[in-house]
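Each ligand, and each atom within it, is numbered from 1 in the order the structure gives.
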Amino acid sequence: MSGLFGCIDCSDKATDVAKTAYYGVFSLQHRGQESAGIAVNNHGTFMVHKQPGHVADTFDDVVLSTLQGNCAVATAKTAKSSETGSDALQPTLIKSRAGNVALSSCSVILNEKEMRDKLTDMGALFQSNTDSELILSLLSRNAVKTDTVEEAIMETIKEIKGVYSLIFMTEDKLIGVRDPYGMRPLVLGHKDNMWMLSSESCALDALDAEFVRDIEPGEIISISKDNIVSTYFDSSVSSEERVKNGQVCIFEYVYVARPDSVIDGSSIYESRVMTGAALAKEHPCDCDLVISAPDSGNAAALGYANAIGIPYGMGLLKNRYVGRTFIQGTQGERELAVRMKFSVLKSAVAGKRICIVDDSLVRGTTTKYIINFLRESGAKEVHLRLASPEVKFPCCYGVNASKGSELPARTMTDEEICKMIGADSLGYVSLDALKASLKGIHCGVCSACFDGNFVAGCCDGNCPNK
Ligand code: SF4
């Protein structure tokens, strides 16, 4: 996953767009924690700074002051397992027939091997395993046979099969692309002379920019100094149909997105609170205190507690400064890594029957440690409630990286899972209730990790579901 941000200043003056890009991508840090980068366009001259680490560690005033220009793209990224070293850093830059192009992408290309083989047979040289290099290579080839960069992008997205949001920066444009399923979010914002594209609306709020709209599934939006023009993957259907047929990832609402974002018309926070209330109705719990697995379980726990009329309080604290934990070889080291991340407020939980609300149960390893910590701290009972249905299918689209055999809900009964994680009881919200919590949503949702309906197709090669 990646957090993407782009901005273009449409006044004639070159401005410090890098600072806007910095604050934008800083607000999207939750979408990718391993590396960060910003590329700027200074009247056709491109500069980039990117390195492993969080956004705040990657940039300081000196670096930002060197990144002068009127247009920028930025990425906060977690690399895929196939992407290594400096190859995994974004934005990716090329010089092609379309001129200088920089790309920030959040993508899973399902026919990656086929496309890579095809291009290699045609003489293309690849220096990395990244989607962004593949997309730019296709773009470069397509630019030879098309008149505009937008046409070259259209030809490129016709060739790739998968899910993605992309932000291209050319020498005179900022161009956003959302895949034909609209699975990854992308929004348009505006402030003064500046247009912005962002993975989530929370970045626009942070910059005090106006949220204009969600980019439609299959839309290529091209923003230049003079105008904004959209073209569509399928121009035969109306805008209304296109949006209605979209399939945004339901895990954005469950876990991925920041609670203060609104995606495709539905507030992440509201949907989580409503899911918690629905969970309480479906799986009430006789307990003394409702707590959350912070932070993604917070809103659902609040909704749950309000609905059953039992106090909601803090029982677990999350250390926000834990990055990657490397010491995970033995069980003891894995436990230590979870202890570094979560600590129990002993005085809040001791002697109480605790109901802990989490966003989801994927492999269950962290949950098992947390329940154990709560018991060690004196909790009399620990009941687990989950604000999403049983995760039975690994995501082919890059969100959860598990294998099918690692998902307990796929092979075990609730009783067996309770025994494995040490819970007194377990309850999942139903998929119908989760979908009903997405008030105001304009489009459909992908819920394949719960129901196995992979609308965008499955990966060829190493599909975790096969
Ligand atoms: Fe999201 Fe699940 Fe669909 Fe993956 S399979 S895109 S996690 S809803």
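Under the salt bridge (Lys or Arg N to Asp or Glu O under 4.0 Å) criterion, Arg213 pairs with Glu219, not counting sequence neighbours.
Numbered from 1 in the order shown, with element, the atoms of ligand 1 that lie under 4.0 Å from a heavy atom of Ile250 read 8 (S).
Of all heavy-atom pairs spanning Met115 and Glu159, the tightest one is SD-O, 3.6 Å.
Below 30°, between 30° and 60°, or above 60°: for Phe393 and Phe454 the angle between ring planes is above 60°, a perpendicular geometry.
Protein N/O/S atoms found under 2.8 Å from atom 4 (Fe) of ligand 1: Cys395 SG.
Heavy-atom contacts from other residues, nucleotides or ligands closer than 6.0 Å to NZ of Lys419 number 12 or fewer. Within a 6.0 Å radius of OH in Tyr255, no more than 12 heavy atoms belonging to other residues, nucleotides or ligands are found.
Side chain of Ser199 to main chain of Leu4: a donor-acceptor pair is present (N/O by atom type, distance under 3.5 Å, no hydrogens or angles).
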